[in-house]
Amino acid sequence: MTVYLNKGAMHPMNEEQKKNQLSTEKDYSQYFQTTYRPPDLKQAKKRGKENVEIHYDFDVPESMKGIGAGKKFLIRTYGCQMNEHDSENMAGILMNMGFQSTASVDNADVILINTCAIRENAENKVFGEIGHLKALKRENPGLIIGVCGCMSQEESVVNRILEKHQQIDLIFGTHNIHRLPQLIKQAVMSKEMVIEVWSKEGDIIENMPRARKGKIQGWVNIMYGCDKFCTYCIVPYTRGKERSRRPEDIIEEVRHLARNGYKEITLLGQNVNAYGKDLADIDYGLGELMDEIRKIDIPRVRFTTSHPRDFDDHLIEVLAKGENLVEHIHLPVQSGSNAILKLMARKYTRESYIELAHKIKTAIPHASFTTDIIVGFPNETEEQFEETLTLVKEMEFDSAFTYIYSPRDGTPAANMQDNVPHDVKRKRLARLNELVNSLSAAKNKACEGEVLEVLVEGESRKNPDVLSGRTRTNRLVNFKGPKEWIGRLVDVQITEAKTWSLNGEAAALAEVNK
Ligand code: SAH
Ligand code: SF4
Ligand code: F3S
């Protein structure tokens, strides 16, 4: 029995709407309006925690298991780790339907484009890709092309696809990935575009089949959604409200990965520090979860992404125990100016961020710190931007992801008048990057002569004779060694620092010889 169909939906589909979904008529507006709402802050903030349900009985229906026999699929993924991980779930579902994966668009029968809406350039890339697929569809009319992920949750995107990209067969959102078997079936049968986007926040579906990309590192979702509503950000609308998985389900998944030889896991969530807040029956947070996972026999545990506001003392205490909890903290700061932080609704100050970072550094002295920064927020002044530069200098970040602010439709910041010319924003980004790069280079230089533990991920992209892997602090290291070391932990003596990577020589093979 499957109980997941639209259960607990804010806008459950009635029979009429279900029929419309399968109808061959061109007008989708009726279906669309009843199941979808565009981003609306007031509406979204009202959302409660009450109607999230967890389902343990996911299965691909028997009648759909053979649909993919002899056929191939390809998934193109844009965006963050969450999307990468969703693609692993979709691949797992498709393989359960009999499909095989392919790396080439030319022999694919199903192509899914898993999209990201975080910035305009991410969206432009996707529309470029959709455009390219038009010719392919003309050559191979039986090809099914689907668009999913965060952009599908935006009404403007769906409308644009409906108007201009009739080569697309299927659009579905982030809350109904588990409906892929039914959606693919409908897309195969229907001559018209199949659209299923739910504005409701989505239940938690456990036990989805999963085709993980590698055998060394695995992603583990600990929560979905985000309730922070930073004023610039689209994620709380595309991913819905915060929903935490049960600790026992997460721990079982990590144990399973450990048993299967995985060496590193990354716990995933948009704001992992809020983990557990919505679990009504237990007082359990990220600190408690990490303390449990610490005891599992897996060499490395990472987590991303943290919000400074919810980073509590208990978590710091647990992280300070070290062992498999690696000393790398990714702590997005976004800006060094209190005025801008306030406009962003980040709800912390420059001072409280620095204080938190000091507290973490005191507890975990060798922790590396990385961050995310946005430049050119509406009306950011030169002085405010310089406050970001001084914060970066003071924090001495090991590295940073830096972005030019991109207005997202429906978010509060998109309505703010902006008097900063784009050219000024570009120059600010370049100045910031110069500083960030010089700090990264200096931090890397300090590693020269040290012996660092490297988890070997594979051959170096530039030179197949060289192995490539990462340190506990997430630094990229290239060194020579036999291919059998891929997937193993090797101690490497660092001989030369580059801006973004380190070169070294294998020093000890302690773990390898075990
Ligand atoms: N949940 C994570 C990050 C999600 S998005 C967190 O809060 O840290 C990753 C990064 O993209 C953000 O940290 C932010 O720096 C950047 N970002 C988000 N929205 C943006 C926008 N509208 N324009 C530019 N950068 C943005
Ligand atoms: Fe977006 Fe992260 Fe803020 Fe959530 S915490 S709204 S995902 S930037
Ligand atoms: Fe992009 Fe969605 Fe992730 S907007 S960054 S793919 S949560």
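Predicted model only: the values in this text are computed from it and were never measured. Excluded from the calculations below are hydrogen atoms, water molecules and symmetry mates; all remaining heavy atoms, backbone and side chain alike, are included. Note that ligands are numbered from 1 as they come in the structure, with each ligand's atoms numbered from 1 the same way.
For ligand 3, the atoms closer than 4.0 angstrom to any heavy atom of N83 are 6 (S). Heavy-atom proximity to C233, at under 4.0 Å, picks out these atoms of ligand 2: 1 (Fe), 6 (S), 7 (S), 8 (S).
In terms of protein heavy atoms, atom 2 (Fe) of ligand 3 is closest to C150 SG, 2.2 Å. With respect to atom 3 (Fe) of ligand 3, the closest heavy atom belonging to the protein is C80 SG, 2.3 Å. Closest to atom 7 (S) of ligand 3, if we only count protein heavy atoms, is Q270 NE2, 3.2 Å. The protein heavy-atom contact nearest to atom 1 (Fe) of ligand 3 is C116 SG, 2.4 Å.
The residue from Q270, R408, E120, K228 that puts a heavy atom closest to atom 3 (C) of ligand 1 is Q270. Between F229, Y237, Y232, it is Y232 that holds the heavy atom closest to atom 8 (S) of ligand 2.
Counting heavy atoms closer than 4.0 Å to ligand 1, residue Y232 contributes atoms from both its backbone and its side chain. Both the backbone and the side chain of I118 come within 4.0 Å of ligand 1, counting heavy atoms alone. Residue Q334 touches ligand 1 through its side chain alone, judged by heavy-atom distances below 4.0 Å. Only the side chain of P332 comes within 4.0 Å of ligand 1, counting heavy atoms alone; its backbone N, CA, C and O stay farther away. Under 4.0 Å from ligand 2, not a single heavy atom of N271 appears.
Ring-plane geometry between F73 and F99 is classed as perpendicular, the angle between the planes exceeding 60 degrees on a 0 to 90 degree scale with a lower cut at 30. Using cut-offs of 30° and 60° for the angle between ring planes, the F401 and H330 rings count as perpendicular.
Residue H307 does not count as close to atom 3 (Fe) of ligand 2, with no N, O or S atom under 2.8 Å.
A heavy-atom separation below 4.0 Å is found between A117 and ligand 3.
Ring centers of Y232 and Y403: at least 6.0 Å apart, outside the cut-off.
Considering every non-hydrogen atom in both N83 and C116, the closest pair reads ND2-N, 4.2 Å.
Salt bridge R245/E206: present, at least one basic N to carboxylate O contact under 4.0 Å.
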